[in-house]
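Accompanying notes for the structure given below.
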Amino acid sequence: MTYWIVYKDDPISNELKQHLEQKIQLELDSLSPNLVIVIGGDGTFISAVHMFPNAIFFGIHTGHLGFYANYTLEEVDQLIEDINHKTYHIEKIDVLQCQLKTSQETIEEFAINEMTLITPPKTLILEVEVDGQLLETFRGTGLCISTAYGSTAYNKSLHGAVVDPNLKTLQITEIAGINSNQYRTLSSPLLLSHKRRIKLETKEETEVFVTIDHLSYQLHHFKSADISLKLEKVTVAYHKETSYIQRVKRTFLK
Ligand code: NAP
């Protein structure tokens, strides 16, 4: 059993990293660790998951409670004991599986928060299909597809619903959709069952920006994106369960 620490570059996280390295009785492994301790915020957690998708994650939030971390700064001793004596429990988080097609290649991605397709300088026209049926033709800046865990991130800024992660859902939210006699869309967030498959397709190949959690890149000759929810793909450790309501309250209402 090996471990690695991914940490935010700030004084608290740096100091805590050194403390943990003295106390954890496992070998460090930067290539393929079994356990990953993440010190920082939800953003640090997301980047750690993309580095080591198959590890078991121990999140310590150094600020407010956050949505992915299950240990607070006051619970660091508990975390050390849990790792050294294997007294932790695990839960599994769902991820978006995205297949992006251009005229030249097919790219496979996963996201724990969301994926977006955007064309900031001009409008993007996308056919939105659910389970092979055309729902609408969207025209606007772009679309965001989020998980329940990601519902409190970018999705929330787009006035999407905050979704209890016990509900296995995909959510589509519009980014500055145009509604006119020519283009008519739902204009409200759409929550879908995890059994649904979403397809976003352009009639003509186009340039788009893709964001996958904290990552982003430009795609030339974009044709389509197939998006679905894969259940229980990322493993997160905890000692005691933290109420989702408390997470929402501590992040947004205090
Ligand atoms: P960042 O732009 O440096 O920070 C994004 C902020 O979102 C941080 O405050 C982070 O919390 C918070 N966050 C991340 N995941 C969250 C979640 N599931 N629920 C609630 N808050 C969450 O970028 P980053 O740290 O690399 O994170 C990437 C994320 O930024 C993307 O997945 C996207 O959701 C989000 N984003 C939001 C907007 C927007 O709201 N307009 C625009 C672009 C991207 P911590 O402080 O705990 O790290």
Can a donor-acceptor pair be found between the side chains of [X] and [Y] at a distance below 3.5 Å?
X    : Y    : answer
D82  : Q78  : yes
T211 : T116 : yes
Q97  : S228 : no

### Ring geometry between Y68 and F45 (parallel below 30°, tilted from 30 to 60°, perpendicular above 60°)
parallel

### Task
Give a yes or no on whether the ring-centroid distance for F138 and Y183 is below 6.0 angstrom.
no

Please indicate whether [X] has more than 12 foreign heavy atoms, meaning atoms of other residues, nucleotides or ligands, lying under 6.0 Å from its [atom1].
X    : atom1 : result
E91  : CD    : yes
E27  : CD    : no
E204 : CD    : no
K249 : NZ    : no
E108 : CD    : yes

### Query
At their closest point, which heavy atom of T147 faces which heavy atom of D94, and how far apart are they?
CG2-O, 4.3 Å

### Message
For a side-chain hydrogen bond (donor to acceptor under 3.5 Å, both in side chains) check, start with the C-alpha distance between N179 and T185, then their side-chain angles and the critical distance, and finish with the verdict.
### Response
CA-CA 7 Å; N179 262 286; T185 57; 3.1 Å; yes

### Task
Using the rule that two of Ile, Leu, Val, Met, Phe, Trp, Tyr join whenever any of their side-chain heavy atoms come within less than 4.5 Å, decide whether I46 and L229 are in one cluster.
no

### Query
Going by an N to O cut-off under 4.0 Å, is there a salt bridge joining R197 and D131?
no

### Task
Is it possible for you to check whether K156 lies under 6.0 Å from the centre of the six-membered ring of F252, through NZ or CZ, and within 45° of that ring's axis?
yes

